[in-house]
Every structure is written in structure tokens, then in C-alpha cells.
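Input: a single structure, listed below in C-alpha cells.
Residue numbers begin at 1 in each chain, while the letters A, B, ... track the order of the sequences.
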Number of protein chains: 4
Amino acid sequence: MTDIKAVLRAQHIETPSWAYGNSGTRFKVFAQKGVPRDPYEKLADAAQVHAHTGIAPTVALHIPWDKVDDYADLARHAREAGVGIGAINSNVFQDDDYMLGSVTHPSAQVRRKATDHLLECVDIMDATGSDTLKLWFSDGINYPGQDDIRARQDRLAEALAEVYERLGDGQRFLLEYKLFEPAFYATDVPDWGTAYAHCVKLGPKAQVVVDTGHHAPGTNIEFIVAFLLREGKLGGFDFNSRFYADDDLMVGAADPFQLFRIMHEVVQGAALHDLVGENEQSTKPFGGSAEGSAPRGVAFMLDQCHNIEPKIPGQIRSVMNVQEATAKALLVDREALSAAQADGDVLGANAVFMDAYNTDVRPLLAELREEMGLAPDPMSAYAKSGYFEKIAAERVGGQQAGWGA
Amino acid sequence: MTDIKAVLRAQHIETPSWAYGNSGTRFKVFAQKGVPRDPYEKLADAAQVHAHTGIAPTVALHIPWDKVDDYADLARHAREAGVGIGAINSNVFQDDDYMLGSVTHPSAQVRRKATDHLLECVDIMDATGSDTLKLWFSDGINYPGQDDIRARQDRLAEALAEVYERLGDGQRFLLEYKLFEPAFYATDVPDWGTAYAHCVKLGPKAQVVVDTGHHAPGTNIEFIVAFLLREGKLGGFDFNSRFYADDDLMVGAADPFQLFRIMHEVVQGAALHDLVGENEQSTKPFGGSAEGSAPRGVAFMLDQCHNIEPKIPGQIRSVMNVQEATAKALLVDREALSAAQADGDVLGANAVFMDAYNTDVRPLLAELREEMGLAPDPMSAYAKSGYFEKIAAERVGGQQAGWGA
Amino acid sequence: MTDIKAVLRAQHIETPSWAYGNSGTRFKVFAQKGVPRDPYEKLADAAQVHAHTGIAPTVALHIPWDKVDDYADLARHAREAGVGIGAINSNVFQDDDYMLGSVTHPSAQVRRKATDHLLECVDIMDATGSDTLKLWFSDGINYPGQDDIRARQDRLAEALAEVYERLGDGQRFLLEYKLFEPAFYATDVPDWGTAYAHCVKLGPKAQVVVDTGHHAPGTNIEFIVAFLLREGKLGGFDFNSRFYADDDLMVGAADPFQLFRIMHEVVQGAALHDLVGENEQSTKPFGGSAEGSAPRGVAFMLDQCHNIEPKIPGQIRSVMNVQEATAKALLVDREALSAAQADGDVLGANAVFMDAYNTDVRPLLAELREEMGLAPDPMSAYAKSGYFEKIAAERVGGQQAGWGA
Amino acid sequence: MTDIKAVLRAQHIETPSWAYGNSGTRFKVFAQKGVPRDPYEKLADAAQVHAHTGIAPTVALHIPWDKVDDYADLARHAREAGVGIGAINSNVFQDDDYMLGSVTHPSAQVRRKATDHLLECVDIMDATGSDTLKLWFSDGINYPGQDDIRARQDRLAEALAEVYERLGDGQRFLLEYKLFEPAFYATDVPDWGTAYAHCVKLGPKAQVVVDTGHHAPGTNIEFIVAFLLREGKLGGFDFNSRFYADDDLMVGAADPFQLFRIMHEVVQGAALHDLVGENEQSTKPFGGSAEGSAPRGVAFMLDQCHNIEPKIPGQIRSVMNVQEATAKALLVDREALSAAQADGDVLGANAVFMDAYNTDVRPLLAELREEMGLAPDPMSAYAKSGYFEKIAAERVGGQQAGWGA
């Protein structure tokens with residue numbers, strides 16, 4: 001149990017700055033009270049999530065949504081609020097130029113512009129001390145024949161190579177894949193295989209990020225997690241959940257058992273025990289070859305764009321959901337599991353597995369929080385803190401942050 | 001062949017006013033040149049589609065996007081432009097009040113507001129002479145437990161009954177279903193069964209509309225079409241196509257064979273031959289019971305929200321795609337097909353079916369258009385007409401129409 | 001808590017005779033030791049499941065797999081073993097005549113044969129005292145054009161009407177739907193809407209059965225359950241689980257949260273509280289109209305065809321999984337839930353819901369079993385019972401039961 | 001046009017020996033008249049398909065279904081019948097030992113047996129002159145926890161490496177992936193990414209085979225084809241079609257437009273023009289590196305297990321469907337397409353693409369066949385040949401071939 005708690009303390013879950021702003025569907029974005037007007041206010045909100053959970057110490061930025069004149073100042077502000085800057089997320093999908101693509105656009109001029117933005121994001125990494133660049137390309141085509149699928153791969157490879165070259169020591173990029181949306185016929189990085197193939201060619205600083213909402217129906221996500229960990233190519237997660245497409249619900253809300261299975265593979269892949277230096281036969285999951293220059297560790301990030309949920313409580317609940325799934329995964333009796341597996345005892349092995357899942361870990365986590373000097377229930381602690389009432393009163397006027405700002 | 005042409009002349013495909021404005025995804029709406037600023041300009045654009053195809057004589061309105069002070073004037077304007085007003089589409093998803101639902105909202109006050117809007121749409125039907133109200137509810141919930149699934153059905157039934165009562169002679173409403181989006185856990189009218197069950201209880205003026213993009217993966221849409229026609233409950237189509245979710249691509253673009261199969265069931269259900277009075281044993285598909293007060297006929301409507309396609313050509317191509325699929329369906333050798341089916345000749349029956357599909361009907365349709373006094377190729381005729389250059393030059397300034405206006 | 005236990009005691013879960021025989025996939029059926037050779041041995045095995053769980057007192061039969069000369073004798077044997085005969089399942093998919101369909105076959109002769117079999121099943125109901133006939137039709141077509149979708153509905157309606165007429169007082173049939181397999185293009189009863197529409201026309205003795213493995217990806221099954229309960233048309237469940245298609249895994253194994261959500265709707269629909277007469281405003285879920293002749297109550301049945309699982313333990317675990325989900329559903333604080341729903345408190349309502357799901361109900365169920373005079377853990381009790389060793393030793397020679405026998 | 005015909009003449013489509021035997025679903029295998037009793041009779045049937053289409057000169061074998069004492073004799077028999085031996089398909093899923101896996105089984109003994117079978121298949125390649133081994137593993141698990149996902153990858157890699165080593169000059173193996181069935185939770189080679197990753201590590205003699213029925217819903221198969229061709233890792237196709245899961249319908253029957261899109265990517269990837277030596281900048285798609293030892297060329301194979309279709313006509317139609325899609329793909333005006341793509345002309349590029357698809361290529365193919373000395377319509381030519389009547393009369397008694405024999 002001590003070990004489990006040590007791991008749970010060491011696991012960090014990064015929240016995204018954009019989760020604190022307004023977001024929604026193509027049908028309507030419902031504005032909410034108290035929503036931040038700038039990156040500084042977003043960081044303040046993120047700090048609340050960390051204050052109540054104790055395990056969300058970093059915040060991912062999205063450029064240009066979080067563009068500021070002085071990134072060093074922003075980083076300082078974050079530190080003062082109790083959080084750090086996490087991954088830098090590039091955005092090459094919201095300029096009119098990108099209607100037909102960014103780095104895979106038929107026009108060299110548009111590609112140049114897009115790649116320059118990616119390079120600028122590395123500059124921001126340098127300025128903020130971030131070690132991770134997250135690359136998501138909405139690039140793709142809506143109609144068969146609209147563009148050449150293969151030529152677009154060539155253009156993608158070229159841009160990725162240029163960005164890879166720009167990465168400094170200890171920096172990496174994570175390449176995200178997504179089945180569809182906003183491209184509706186062929187997406188240029190539609191699945192893990194595509195992301196993986198590009199990353200392998202580039203080297204250890206290029207890794208794959210698994211967004212749990214970006215797969216075809218029926219895809220076994222934990223298989224992908226296990227496979228990428230085995231290959232040393234799992235860079236991190238963009239957590240969220242969905243019943244249908246990329247619904248961006250709170251992680252663990254749609255299929256908590258799936259989240260548990262994913263965390264089980266993370267445990268099996270030794271990615272968590274690495275955190276506490278307990279893993280003698282470290283899997284060196286990130287291509288930590290001789291160069292040794294790639295950042296280590298699976299990044300556990302949330303990527304959710306809430307429509308109807310209150311923002312800060314939505315993030316707190318999400319962090320708790322990941323933590324509960326992790327705790328359950330750590331409770332699996334691995335020795336008993338291995339024995340049943342070796343025996344070909346189908347129901348026995350499954351029973352060991354389900355035994356952990358069916359355990360109510362909330363008392364354990366309440367205990368852990370109290371040991372960490374936190375309230376046992378982060379949701380009610382936040383509700384009682386008066387923070388929401390404060391921001392709802394103070395943040396009046398100005399332009400609320402959203403996907404477009 | 002004469003018969004086929006007669007049917008093809010009689011088939012009308014309605015275009016939606018919103019297809020001429022800007023639309024897109026949650027990630028970005030790309031503005032286009034020449035986009036209308038008001039309903040009058042939308043009707044002018046729709047008239048272009050009819051001018052070149054000869055089979056798109058009506059335009060669906062969307063309230064409040066097409067709200068005007070004087071609907072009689074709008075209808076007159078449409079007539080002068082060569083088109084008529086088609087279905088009135090209600091919108092109860094874009095006010096802040098509707099964040100948690102409209103007619104199924106937990107609050108009676110919100111439900112009242114939503115139902116009042118639906119009643120107002122019937123007023124607009126009266127004012128414009130439209131005989132069809134299209135009801136789509138984005139209502140639903142994002143999280144298990146968020147609201148009571150069953151109570152929401154009760155509220156839905158209550159609102160539908162009130163609107164049904166308001167319908168005049170010769171008026172109907174079409175109830176639309178959709179698997180998901182923007183609701184991400186449970187949608188209140190998620191499938192045809194739900195829409196059908198409500199319509200059956202209400203009576204002949206309530207019919208189901210099939211939006212071809214609103215189904216779960218793998219759903220056999222033509223089965224639903226056949227079934228609803230058999231029950232006299234198919235009110236019409238919202239045509240579009242998709243590879244993934246509700247992608248809103250041009251109808252026939254993603255799976256032209258599926259569109260053909262759908263039109264085949266329409267032909268089998270006698271819904272097309274009704275148009276030319278050729279069908280002695282009319283299926284009376286729309287509950288044409290003693291009351292006789294329901295409008296007859298399957299409404300063939302487009303419902304597409306294009307993201308990257310030029311607007312008017314996108315509609316012309318879509319109308320042509322429906323027409324091509326219809327022509328192929330009419331070419332099926334029904335006698336040979338029936339004989340092979342009766343014999344249990346699996347490959348033989350399929351061969352008869354595919355023979356029609358594999359036929360290139362474009363020469364036939366070019367001929368038909370010339371007989372109708374039109375250019376044989378609507379796409380190039382429009383391109384050469386100079387209309388786009390004209391609106392691109394003229395429509396400068398003002399607020400371009402979009403989903404929010 | 002007393003109430004919860006009373007309901008849990010009253011809930012009965014029926015196991016299917018075919019679950020005790022060999023089954024598998026098209027690739028291979030793996031034979032297992034101790035598998036029954038005849039219906040008598042199947043009933044003996046089913047009695048074991050009841051002996052250890054206390055809530056599986058009936059067994060569904062499958063005709064002709066369970067054909068015997070003297071059904072009264074079989075029923076007596078069952079009673080002596082401690083179980084009763086449950087639903088009679090018809091089989092019109094394994095004769096060569098049925099290659100192109102049974103009741104929807106183009107040939108009147110084949111249809112006659114199939115309908116006669118269904119009528120024979122009612123005879124067996126009379127002989128065994130069963131009150132429920134389960135109808136599953138594998139009927140459908142593999143190729144577009146192969147047969148007329150609509151004509152097949154006419155034939156289906158005709159056969160159903162004949163069987164309906166044959167039902168005696170207190171008898172009902174449950175119509176099952178399935179998206180696909182073994183028909184691969186159009187299935188004649190593919191979804192709940194189709195089954196529902198036929199049942200509504202027929203009357204109160206015709207109800208829909210929901211097989212949890214028979215839906216398109218993404219289908220919200222609990223919505224269907226809620227809807228059918230509201231309409232008084234939910235006859236029962238065929239429980240199993242799946243990750244992909246109709247995988248026939250143990251119920252609750254693939255998505256335990258979904259099973260909980262389903263049971264929550266059952267609770268909301270008062271179908272469980274009816275069991276203990278606690279529900280003043282009974283929902284009369286089965287068309288309990290004036291005629292009053294339809295059997296009451298939702299039938300909770302397993303329908304699983306295990307491939308690699310040991311048979312009896314697979315059924316015990318499945319029964320336990322349903323019971324655990326039911327217990328959790330009964331634990332939902334319905335008052336707090338309603339209050340949060342009425343307030344539009346999205347996260348609050350979801351939290352009440354999840355609180356029940358996250359509770360570990362195994363101690364409660366162990367306690368319940370001990371109160372019922374059972375061992376607290378049915379799996380280990382069965383393992384220790386020596387029953388398997390006994391049948392493995394005794395059941396040597398003869399023809400093991402399977403799908404074909 | 002000359003070029004197109006040259007390519008169409010050079011394209012060979014391999015039929016599988018198992019398509020001539022009985023097959024079906026887990027519910028029922030319907031026996032058909034005239035079905036072969038041994039590999040010799042299967043080859044005779046396959047020769048009929050070639051005789052009437054002119055482009056099906058090889059037959060894939062399945063071991064042990066096609067096990068004979070003297071493979072040289074079998075190859076000689078094939079040659080005399082006018083066909084050759086194509087790919088050797090291994091089978092490690094039908095022994096009782098393989099219930100929990102073959103090369104990924106927890107037991108080293110079972111893995112040894114399975115690997116030995118694969119090595120034996122290479123022996124048969126040597127004996128028959130076949131240059132291609134097709135590896136499909138049904139390996140996987142049905143329940144979470146049943147076995148260790150990652151450990152199974154280690155075992156898989158070990159077995160593949162051993163087989164790879166055994167391959168001779170000019171021999172290759174194709175690794176097949178499949179989303180699910182018969183494994184229902186986690187399949188060990190579930191997607192192209194997994195197959196690709198293993199093949200890249202092994203070297204140029206290991207390539208990926210794309211079975212068109214083995215993907216998750218919504219997967220863009222032509223993207224995978226384009227990607228694998230770009231990487232030089234597309235070894236071939238297992239053609240069939242499906243509406244739902246792995247339905248094994250005739251290729252092109254469910255979605256002919258998809259088949260066209262796939263063939264378009266094959267054309268774009270120069271895989272067809274390689275056939276006629278027309279491609280100056282050959283893509284060397286099969287890792288044709290210095291070693292030069294891998295066989296060249298994409299293998300176009302059918303892999304269909306027909307349930308209700310007559311066997312030989314089902315293969316003829318399938319071959320014709322691939323040929324029609326190929327002809328349409330060759331008709332795409334690549335220059336016009338490239339120009340529209342470069343201009344970002346979405347509808348224009350799509351129109352060029354659809355223009356080829358909408359063309360009726362049947363007259364062209366009839367002409368081609370006549371030039372090749374064949375009847376213009378293979379289906380009617382076969383029907384008139386009397387072959388079926390002959391085999392139906394002659395092949396009486398004995399054990400019909402099926403999946404198990």
C-alpha cells in the first residue's frame with residue numbers, strides 16, 4: 001500500500017489551458033460565468049485544480065490562444081500560482097489559409113507558414129522551459145480525389161523533419177493522430193500506425209500521443225498503449241472520454257472500465273513505477289538510447305473541451321477519475337494474475353483483474369489526500385472555497401477565452 | 001424510357017437556405033466570398049440551383065436564421081426569383097436557455113419557450129404557404145444520470161402533441177432523429193424507432209424524416225426507408241453523406257451505391273410513381289386515411305452544411321447526385337429482379353440490381369435537361385453564367401449569413 | 001437496505017440450456033470436458049448455477065436442440081433438480097431449407113414449415129408450462145437486390161400474426177432483433193423499432209426482447225430499455241456482452257458500466273420494484289390492458305455462447321455480474337438524483353449516479369447469500385463442490401451437446 | 001486505352017482454394033451441390049474461373065485443408081488444368097491446442113507446434129514453387145486480464161523471426177491483421193500498424209497484407225494502402241467486402257466505390273504500372289533493396305468464404321468486380337486531377353475522380369476479353385459451359401471440402 005501511495009503521489013496529470021475557456025459544438029458555444037479572459041486567468045484556474053487534487057502541477061498552453069508578449073513573465077506567474085508550464089500545443093487549423101491543410105497543404109507558401117508556426121512553438125518552449133511540443137494536424141481532405149493522399153504524406157514528413165531538427169536537448173514532440181474531424185474523408189495522421197511510422201523514422205525525440213477520443217469504434221486503445229510502450233514510443237495521453245466520436249467528455253465518464261484497462265497497461269509497461277525509481281529493469285520507454293536526449297516519461301494530460309460542464313469542477317473530477325483508475329490498476333495482484341495467465345485459467349485471470357476494478361478506492365484516495373495535507377474530497381473543497389463566486393463576480397467585461405481566442 | 005423521364009421531371013429536390021451561408025466545424029468556419037447576407041439573397045442563390053438543374057423549385061427556411069418582418073413579401077420575392085418556400089425548419093438549439101434541452105428541458109419555463117417557437121413556425125407556414133414543419137431537437141444529455149431519460153420522453157410527447165394540434169389542414173410535421181451530436185450520451189430522439197413511435201401516436205400529420213447522416217455505423221438506411229414507406233410514415237429525406245459521423249458532405253459523395261439502394265426502396269415503395277399518377281395501387285404512404293388532411297408525398301430535401309465547398313456548385317452537384325441515383329433506380333429491371341428473387345437466385349438477382357447501378361446515366365440526364373430547355377451540364381453552365389463573379393463583387397460588407405444568423 | 005435485499009432476492013435470472021453445451025465461432029468449436037449429452041444433463045448443470053447463486057431458478061430451452069419425447073417428463077426432471085422451465089426458444093435457422101430465410105423466405109412452402117415449427121413451440125409451452133416464446137429470426141439477405149425488403153416484412157407480419165393467434169391466456173412471445181449475422185446485408189428484424197412496430201400491431205402478448213449484443217456500434221441500449229418500459233413493450237433481456245459484434249461474452253465483462261446503466265433504467269421503469277409489490281403506481285409494463293392476459297414482468301435471461309470459458313462457472317459469473325449491477329442500480333440515491341436533475345446540476349447529478357456505481361457491492365451480496373443459506377462466494381463454492389470432476393468423469397462417450405444438437 | 005488494356009491484361013487475381021468448398025457462419029454451413037472433395041477438385045474449379053476471366057491464373061492453398069502427400073504432383077495437376085499455385089496460407093487456429101492462441105500461447109509447447117507448422121508451410125512453398133506465405137493469426141484473448149498483451153507481442157515477434165529466417169531467396173511472407181474474430185477482446189495483430197511494425201523490424205521479405213474486411217468501422221482502407229505502398233510494405237490484398245464485420249461477401253458487392261478508391265491508390269502508388277514495366281520511377285514497393293531477394297509486386301488475392309452464393313460463379317463475379325474497379329481507376333485523368341488538386345479546386349478534383357467512377361467500363365472489358373479470345377461475359381459463358389451440371393452429377397459421395405477439411 002505504501003508503494004501504491006508513493007506512485008499515486010508521483011503521478012502528475014496536466015490540465016490544458018483551453019479547458020478553462022468556453023468551448024462547445026458546431027451548433028452552439030454556451031458561455032459560462034467566470035470564464036478567464038487571458039492566459040494569466042487560465043493559469044489561476046488551473047492552479048485551483050492542483051490546489052485541491054495535489055497532482056495537477058502543470059498546465060498545457062495552446063498557441064496562439066495563449067500568446068503573450070512575455071513568456072518568461074507568464075511562466076513566473078504560473079510558478080507563483082503554484083503551477084508550471086507543461087506541453088506547448090501548436091495550432092495550425094484556425095487561419096483562413098488552412099482551409100485545405102497546413103503542413104500538408106498543396107501550396108508551399110501555406111506549408112511554410114504552418115511550419116514556421118511550429119518552429120515558433122519551440123521558441124516558446126525555450127522561453128517557458130517546456131520540454132514537450134504537441135503536434136495535432138487537422139489536415140486532411142473531405143472528398144475522394146480532393147488531394148493526393150500520398151503526396152500529403154511526403155509534405156508531412158518534410159515538415160516533421162524540419163521541426164525535429166529544431167528540437168533542443170531534452171525536448172521532444174508528441175505526434176497526435178485522429179480518425180476524423182474536421183477532415184471528413186481522409187485525415188493525414190488518422191491512426192497510431194501513421195504517427196508511429198513517422199516517429200520511428202525521426203528518432204527518439206519524436207513520440208506518439210494517444211488521445212483517448214480519437215479512434216474508430218471498437219478500437220482497443222489499451223492494446224495500442226501496450227504496443228507503444230513496448231516500442232518505447234508512447235509519449236503521453238490526451239485524456240477525455242466519448243460514447244460516439246470525439247465527444248470530449250470528462251475522462252472516465254463514458255467507460256471507466258476502459259480507463260482502468262488503459263492504466264493497467266501503463267502499469268504493466270512500467271511507466272508508472274519508473275516515476276518512483278522502483279523499476280529496476282526500466283523499460284526506458286522513450287527511446288532513451290545512447291543520445292539520451294529525449295525527455296523521459298509518459299505525459300498524462302487532459303484534453304477536454306467542455307460544453308455544458310462547469311470548467312474547474314470538470315477538470316477536478318477528470319483528474320480524480322484518472323487517479324481512481326490508476327489506483328485500481330495498481331491494486332491488481334500481479335503475481336496472482338501472472339499465475340492464472342500461465343495456467344490458461346481464463347475466468348481465474350479475469351477474476352483477479354476484475355477484483356481490482358471492483359474495489360472502491362475512494363477511501364484510499366481520501367486518506368492519501370489527507371496525508372498530503374489536502375481535503376479528502378476535492379469537489380466539495382473547491383465548492384466551499386468561494387473561488388467560483390469570486391471569479392464570477394470579478395471577471396466581468398472583456399472577451400472570454402474560447403477556441404478562437 | 002419515357003416513363004423514367006416523366007418521373008425524373010416530376011421529382012423535386014428542395015435545397016436548404018442555410019446551405020448558402022457559411023458553416024463549418026467546431027474548429028473553424030471558413031468564410032467564403034459572395035455569401036448571402038440575408039434570406040432574400042439566399043433565395044436568389046437557391047434560384048440559381050433551380051435555373052440550372054430544373055428540379056430544385058423550393059427552398060427550406062430555418063427560423064430564426066431566416067426571420068423576416070414580412071413573410072408574404074419573402075414568399076413573393078421567392079416566386080419572382082423562380083422558386084417557392086418549402087419546409088419550415090425550427091431551431092431550438094441556439095439560445096443560451098437551451099443548454100440542457102428545449103422541449104425536454106427540466107424547466108417548464110424553457111419548455112414553454114421552445115414550444116412557443118415551434119408554434120410560431122406554424123404561423124410562418126401559414127404566412128408562407130409552406131405545408132411542412134421540420135422538427136429537429138438537439139435535446140439530450142452528456143452524462144449518465146444528468147437527467148431522467150424517461151421523463152424527457154414524457155416532456156417530448158407533451159410538446160409534440162401541442163404542436164400537432166396546432167397544425168392546419170394540409171399541414172404536417174416531420175420529426176427528425178439523430179444518433180448523437182450535440183448531445184453526447186443520450187439523445188432524446190436518437191433513432192427512427194423513437195420518431196416513429198411518437199408519430200404513430202399522434203396521427204397522420206406526423207411523419208418521420210430520414211437524415212442520411214444521422215445513423216449509427218453499419219445501419220442499413222434503405223431498410224428504414226422501406227419500412228417507413230410500408231407503414232405510411234416516411235415524410236421525407238434530409239440528404240447528405242458521410243464517412244464517419246454527421247459529416248454533412250454532398251449527398252452521394254461518400255457512398256453513391258447506398259444512395260442508389262435508398263432510391264431503389266423509394267421506387268419499390270411507389271413513392272416516385274405516385275408523383276406522376278402512374279401508380280394504380282397507390283401506397284398512400286402518408287397516412288392518407290379518411291381525414292385525408294396530411295400533405296402527400298415524400299419530400300426530397302438536402303440538408304448539408306458545407307465547410308470547404310463553394311456553396312452554389314455544392315448544391316448543384318448534390319441535386320445532380322440525387323437525380324443520377326434516382327435514374328439508376330428507375331432503370332432496375334423490376335420484372336427480371338422479381339423473377340430472380342422468386343427463384344432464390346442470389347447472384348442473378350444481385351446482377352439485375354447491379355446492372356442498373358453500373359449504367360452510366362449521365363447521357364440520359366443530359367438529354368432530359370435539353371428537353372427541358374436546360375444546358376446539359378449544370379455545373380459548367382453555372383460556372384459560365386458569371387453569377388458567382390457578380391455576387392462576389394456585389395456582396396461586400398454586411399454580415400454574412402451563417403449558422404448563427 | 002432491507003428493500004434492496006428484498007428486490008435482489010426476487011430478481012430471477014434465467015440461464016439458457018445451450019450455454020451448457022459446446023459452442024464457438026465459425027473458425028472452431030472447442031470441445032470441453034463434462035459437457036452434457038442431452039437436455040436432462042443440461043438441466044442438471046443449470047441447477048448447479050441456481051444452487052450456488054440462489055437466483056437462477058429457471059432454464060430456457062431451445063427447440064429442436066432440446067427436443068425430447070416427453071416434455072412433461074423433462075419438466076418433472078427439472079423440478080426435481082430444483083429448477084423450472086423458462087422460455088421456449090424457437091430455431092428456424094439450421095435446416096437446409098432455411099438458407100434464404102424462414103418465415104420471410106420467398107417460398108410459401110418454406111414459410112409454412114417455419115411457421116409450423118413456431119406453432120409447435122407453443123405446444124411445447126403448453127406441455128412444459130412455459131409462458132414465454134422467444135422468437136429470433138436469422139432471416140435476411142446478403143446482397144442488395146437478393147430479395148424484396150418490403151415483401152419480406154409482409155411475410156414476417158403474416159407469420160407473426162398466426163403465431164400470436166395461437167398463444168393461450170397467460171402466454172406471450174418476445175420478438176428479438178439483431179443488427180446482422182448471419183444475414184450480412186439486410187436483416188428482417190434489425191433493430192428495436194422494427195420489433196416494436198410489429199408488436200404494437202399485434203397486441204399485449206407480443207413484446208420486445210433486448211439482446212445486449214445485437215446493436216450497431218454506439219447504440220445507447222439503456223435508452224431503448226427506458227423507451228420500451230415506458231411503452232409497456234419490454235418483454236425481457238438476452239444478456240451477454242461484447243466489444244465488437246455479437247461476441248457472446250459473459251454479461252458485464254466488456255462494459256460493466258453499461259450494464260449498470262441498463263439496470264438503472266430498469267429500476268427507473270419500476271420493473272424491479274414490481275417484483276416485490278412495492279410499486280404503487282405500477283407501470284404495468286406489458287400492455288397489461290383490460291385483457292390482462294399477457295404474462296407480466298421483464299424476463300432477465302442470459303444468452304451467451306461461450307467459446308473458451310468453462311460452461312458452468314461462466315454462467316455463475318454472469319449471474320453474479322447481473323446481480324452486482326442490479327445492486328448498484330438499487331443503491332442510486334434517487335431523491336438526490338432527482339433534485340440534482342431538476343436543478344440542472346450536470347456534474348452533481350452525474351456524481352450521485354457514479355457514487356452508486358463506484359460502490360463495492362460484493363460485501364452486501366455476500367451477506368445476502370448467507371442470509372439465503374448460500375455460500376458467500378458462488379464461484380469458489382462451485383469449484384469446491386466436486387461437481388465438475390464428477391461430470392468430467394461420468395460424461396464420457398455419447399454426443400456432446402452443441403448448437404447442432 | 002492501349003495502355004489501360006495492357007495493364008488489365010497483366011493484372012492477376014488469385015482465387016483461394018477454400019472458396020470452392022463449403023463455408024458459412026457459426027449458425028450453419030449450408031452444403032452445396034458439386035462441391036470439391038479434395039484439393040485436386042478445388043484446383044479444377046479454380047481453373048474454370050481462369051478459363052472464363054483470363055486473369056485468375058493462380059490459386060492459393062490453405063494448409064492443412066489442402067494437405068496432400070505429393071505437392072509436386074499437385075502443382076503438376078494445377079499446371080495441367082491451366083493454373084499455378086499461389087500463396088500458401090498457414091492455419092494455426094483449428095487444433096484443440098490453439099484454444100488460447102498459437103504462436104502467442106502462454107505455453108511454449110503450443111508455440112513450438114504452431115511455429116513448426118509455419119516452417120512446414122515454407123517447405124510446401126519450396127515443393128510447390130510458391131513464393132508467398134500468408135500468415136494470419138487468430139490469436140488473441142476474450143477477456144481483459146486473460147493474458148498479458150505485451151508478453152504476447154514478445155512471443156509473436158519470436159515466432160515471426162524464426163519463420164523469417166527460414167525464408168529462401170525470392171520468398172516472402174505477408175502478415176495479415178484483423179480487428180477481431182475469433183478473439184473478442186484483444187487480437188494480437190489487430191491493425192495495420194502492428195503488422196507494419198513487426199515487418200519493418202524483420203526486413204524486406206516481410207510485408208503487410210490488407211484484408212478489406214478486417215477493419216474497424218469507418219477505417220479509410222485506401223489511406224492504409226497508400227501509406228503502405230509509400231513505405232514499400234504492401235504485400236498484397238485479401239479481397240472481399242462487408243457491410244458490418246468480416247462478412248466475406250464478394251469483393252465490390254458492399255461498397256464498389258470503396259474498391260475503386262483502393263484501386264486508385266494502387267494506381268497512384270505505381271503498383272499496377274510496374275506490372276507492364278511502364279513505370280520509370282518505379283516505387284520498388286517491396287523493400288527491393290540491395291538484397292533484392294524479396295518477391296516483387298502486390299498480390300491481388302480473393303479471400304472470401306461464401307455462405308449462400310454458388311461457389312464458382314461467386315469467384316467469377318468477384319474477379320470481374322476487381323477488374324471493373326481497376327479499369328475505372330486506370331481511367332482517371334491523372335493530369336486533370338493533379339491540376340485541380342494543385343489549384344485547391346475541391347469540387348473540380350472530385351469531379352475528375354467521379355467521372356472515371358461513373359463511367360461504364362463493361363463494354364471496354366468485354367472488348368478486352370474478346371481480344372484475349374474469351375467470351376465477353378464470363379458469367380453467362382460459365383453458366384452455358386455445363387461445368388456445374390457435370391460436377392453436380394459427378395461429385396457424389398465422399399466428404400465435401402469445408403473449413404474443417
Side-chain angles (χ1 to χ4, degrees), chain A residues 30 32 216-223 241-245 247 249-250 252-261 306-318 320-321 324-325 328 344-348 350-351 353-363 365 377 379-380 382-383, chain C residues 30 32 216-223 241-245 247 249-250 252-261 306-318 320-321 324-325 328 344-348 350-351 353-363 365 377 379-380 382-383:
Chain A
F30 295 101
Q32 297 194 2
T219 301
N220 185 324
I221 299 174
E222 56 269 30
F223 176 90
S241 76
R242 61 92 176 252
F243 288 94
Y244 303 99
D247 306 341
L249 301 183
M250 298 186 303
D255 190 346
F257 183 45
Q258 181 188 58
L259 182 59
F260 166 72
R261 299 193 310 263
H306 292 158
N307 190 10
I308 63 171
E309 304 85 341
K311 309 299 178 189
I312 297 170
Q315 294 299 295
I316 293 175
R317 171 62 66 201
S318 300
M320 290 171 70
N321 285 351
E324 290 176 19
K328 290 182 177 195
D345 179 0
V346 174
L347 295 188
N350 179 246
F353 193 71
M354 297 309 294
D355 186 38
Y357 178 67
N358 286 323
T359 302
D360 190 343
V361 294
R362 293 175 300 174
L365 294 174
D377 177 0
M379 290 297 280
S380 68
Y382 170 74
Chain C
F30 295 100
Q32 297 194 2
T219 301
N220 184 323
I221 299 175
E222 57 268 30
F223 176 90
S241 75
R242 60 94 176 252
F243 288 95
Y244 304 98
D247 307 340
L249 301 183
M250 298 187 303
D255 189 348
F257 183 45
Q258 182 188 58
L259 183 59
F260 166 72
R261 299 192 311 262
H306 292 159
N307 190 10
I308 62 171
E309 305 85 340
K311 310 298 179 189
I312 297 171
Q315 295 298 296
I316 292 175
R317 171 62 66 199
S318 300
M320 292 171 70
N321 285 352
E324 289 176 18
K328 290 182 178 196
D345 180 1
V346 174
L347 295 189
N350 179 246
F353 193 72
M354 297 308 295
D355 186 39
Y357 178 66
N358 286 325
T359 302
D360 190 342
V361 295
R362 293 174 300 174
L365 294 174
D377 177 1
M379 291 295 282
S380 67
Y382 170 75

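For L347(A), the part sitting under 4.5 Å from any heavy atom of chain C is the side chain, from C-beta outward, and nothing else. Of the two parts of A253(A), only the backbone, made up of N, CA, C and O, holds a non-hydrogen atom closer than 4.5 Å to a non-hydrogen atom of chain C. Looking at A383(C), neither its backbone nor its side chain comes within 4.5 Å of chain A, counting heavy atoms on both sides. Only the side chain of E324(A) comes within contact range of chain C, with at least one heavy atom under 4.5 Å from a heavy atom of that chain. Looking at D355(A), both its backbone and its side chain come within 4.5 Å of chain C, counting heavy atoms on both sides. With a 4.5 angstrom heavy-atom cutoff, P313(A) touches chain C via backbone and side-chain atoms both. With a 4.5 angstrom heavy-atom cutoff, R261(A) touches chain C only via side-chain atoms.
Comparing I308(C), D255(C), N358(C) by heavy-atom pairs within less than 4.5 Å of chain A, the highest count is held by N358(C).
Y357(A) and P256(C) make their closest contact through CE2-CG, 3.8 Å (heavy atoms, listed as atom of the first residue, atom of the second, distance).
Atom OG1 of T219(C) sits about 8.0 Å away from atom OH of Y244(A), to the nearest 0.5 Å. Here the CD atom belonging to Q258(C) is positioned 9.0 Å from the CZ atom belonging to F243(A), to the nearest 0.5 angstrom. One distance of note links CE of M354(C) with CE of M320(A); it measures 11.5 Å at 0.5 Å rounding.
Side-chain contact between T359(C) and R362(A) is present, with heavy atoms from C-beta onward closer than 4.5 Å. Counting heavy atoms from C-beta on, the side chains of R317(A) and N350(C) never come closer than 4.5 Å.
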